[in-house]
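What follows is one structure encoded as structure tokens, with my remarks underneath.
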Amino acid sequence: MWNYWTSTFLATFIIVALVSVSKSVFPYLAADCWYCVELLKLVWRFVRRRRRKPLFFVLDRFLEQRHKHPHKVFLRFQHETFTYSAADHRSNKIANALRAHSRYTSGDTVALFMANEPDFLFTWLALAKLGSPVALLNHNIRSKSLLHCFNCCSATVLIAAAELQDAVEEVLATLQEQGVLVLLMMQHCDTPGLENFSDQVERASDSPLPRSLRSNITFKSPAVYIYTSGTTGLPKAAMVNQNRLLKALAVLSSNGVVSDDVIYLNLPLYHTAGFIIGFIGSIDTGSTIVLKRKFSSSHFWDDCRKYNVTVMQYIGEVMRYLCNTPQREDDRQHKVRLAIGNGVRAEIWREFLKRFGDIHIKEFYASTEGNIGFINYAGKIGAIGRVHFLHRMLFPYSLIRFHPEKEEPLRGSDGLCILAPRGETGLLVSKITNTSPFVGYVHNQEQTEKKKVHNVLKKGDVYFNSGDLMMIDQEHFIYFQDRVGDTFRWKGENVATTEVSDILTLCDCLKEANVYGVQVPGHEGRIGMACVTVKKDRQFAGSEVYNHVVNHLPAYARPRFLRIKEEVEVTGTFKQVKVQLVEQNYDPSRVSDPLFILDDKHKSFVPLTHHVYTAIISGLIKL
Ligand SMILES: *[C@@H]1O[C@H](CO)[C@@H](O)[C@H](O)[C@H]1NC(C)=O
Ligand SMILES: *[C@@H]1O[C@H](CO)[C@@H](O)[C@H](O)[C@H]1NC(C)=O
Ligand SMILES: *[C@@H]1O[C@H](CO)[C@@H](O)[C@H](O)[C@H]1NC(C)=O
């Protein structure tokens, strides 16, 4: 008896000891195992869906949800509420109206030009029912860009929101020359060449569309075209085919979002984050979407309370904007339990949790056209993901050494790329394979080729160049460092613009900072310049900013010039716009905003006069 209890006790003791030792030696063992299971489940579900007959697409998942819970709320927008069945009916009406149109044939590519509103989602569903690929146009673009985006995916129909009538009329002559059918979502319209489509939709039947309309669609067929805003030049259209869209379907369900969740969608629907993650992701979970016309930091939490939001999405600067709002007593009164997105920096992450309570942040990394993604499943603050053998086996990727000025990979004497060691920043490249293909940009072979890197680890292999610089630490966590082009060199040192801008915004009087490098005659590289905004109730204090900069940044990284603007310009996904700022640089005759220069003698940022500017340009003042 004694022996029995002793051995049981000893065995228990040994197991407990082993578990706690392994927990301290392998602190992420449980998370790694969980991820392994989740990844296998994900792959298994995808493979099962791919094997279904007849072929199973994202639309079919929506129809499944619609039959499962027709009376459940699918969408809330302002004061309107749509159930799954109402959404289905509305999209049937749109589809039937279009199908009845003499100038439309099912399968034609249609461009959608609309801001965030319910009809955006219903029109997409309608077009999916008709087997038409959809180009998601950015509703902020105009004239030449609009025509470029419309034309590059060979669309023959344009469906636009009523409020964009002026923008459409601007390019109408060209569209008419090309024989494009232009439909406006409005009741009444006098402009010749524009059709009042709402009227046709109201009169159309809401009966379901026959499946045969989609019989020619395969997994390789284009589903949507999403435009990626390059830092220079015109947008490029990335083709998302049916296979890729089906893969993306599980983006929320595999991250713990369930049917009872209410998802707050306030990012633009014409981009991947809003469309794929917010909308397509919710179709798989069968959740409720709360749609907003656009992100507003001042209404954010009130909306979350009003609609009982449980899952929020973020991107880029959203978290910072939220942290910048004035503190309120009810900051922690909400039901948000999960935040999914990418681009939150570690300090903001901590501040966000401290202020708004225990929200599980799932930071991930992905790009519209890329063939690799990561998810920070272990909840490590600041990381975007973790190296995992299974993930790496399925989607081989590497970090390689990179030449910051030439902006291309470094190569060894054998012509192959050089792996960046642990702890060193390298360029993320991921192997192009059948499981992780790179479809490329539409009608843009040159840009597509540019994103490929050949002969990376072996002669003949091909990788996708993500354009993102990352670092893997000793614990196998992956950290996003920079976007290629977001770094410049000054005095032989690399300056990371995002780091400098993070430090600037910690200065008491500054709200936002957009950092870039500008050229100075007679100097190699670029010197730092920042376009900043000042906090509402504060004034720009030159010596305060000077002290902050000198205390926190090495000499080469300090922004020498400051430009003060009312607002920092951002793209639809809150990426800062730099091209024009770099071009206008620090010339007081070209910039009407106040300009300042760092002055070590006066220990302050002082106004940049024409006199000083001329002295810099002529080389009298050395920087
Ligand atoms: C819509 O346009 C059609 C044809 O151009 C016209 O007959 C109809 O009256 C218009 N509807 C409204 C509500 O203006
Ligand atoms: C499918 O393709 C065939 C052959 O190209 C064509 O005849 C048919 O009309 C297509 N069906 C649909 C619904 O587009
Ligand atoms: C939010 O939840 C409360 C309490 O559970 C409920 O009374 C209210 O109707 C809900 N609001 C919405 C928009 O679902």
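Counting convention: from 1, in listed order, for ligands and their atoms alike.
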Protein non-hydrogen atom found under 4.0 Å from atom 9 (O) of ligand 3
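No.
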Which of the numbered atoms in ligand 3 are below 4.0 angstrom from a heavy atom of Lys335?
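Reading through ligand 3 atom by atom, the close ones are 2 (O), 5 (O).
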For Lys306, take its heavy atoms, then give the atoms of ligand 3 lying under 4.0 Å from any of them.
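Going through ligand 3 atom by atom, the ones under 4.0 Å from Lys306 are 11 (N), 13 (C).
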Starting from atom 1 (C) of ligand 3, what is the nearest protein heavy atom, named by residue and atom, and what distance separates them?
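Of every protein heavy atom, Asn308 ND2, 1.4 Å lies nearest to atom 1 (C) of ligand 3.
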Under 4.0 Å between a Lys/Arg side-chain N and an Asp/Glu carboxylate O for Asp302 and Arg305?
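A salt bridge is present here (some side-chain N lies under 4.0 Å from a carboxylate O).
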Arg211 and Asp60 ion-paired at < 4.0 Å
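A salt bridge is present here (some side-chain N lies under 4.0 Å from a carboxylate O).
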Do Arg49 and Phe46 meet the cation-pi criteria used here (NZ or CZ under 6.0 Å from the six-membered ring centre, within 45° of the axis)?
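Output no; distance or angle outside limits.
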As a test of understanding, state which of Leu213, Ile94, Asn96, Leu63 forms a side chain to side chain contact (heavy atoms under 4.5 Å, CB included) with Lys129.
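Result for side chain to side chain contact (heavy atoms under 4.5 Å, CB included) with Lys129: Leu63.
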Quick one: are the ring centres of Phe82 and Phe122 less than 6.0 Å apart?
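When the ring centroids of Phe82 and Phe122 are compared, they turn out to be within the sub-6.0 Å range.
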Any nitrogen or oxygen of Tyr307 lying under 3.5 Å from a nitrogen or oxygen in ligand 3? Just yes or no.
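No; the residue has no nitrogen or oxygen that sits under 3.5 Å from a nitrogen or oxygen of the ligand.
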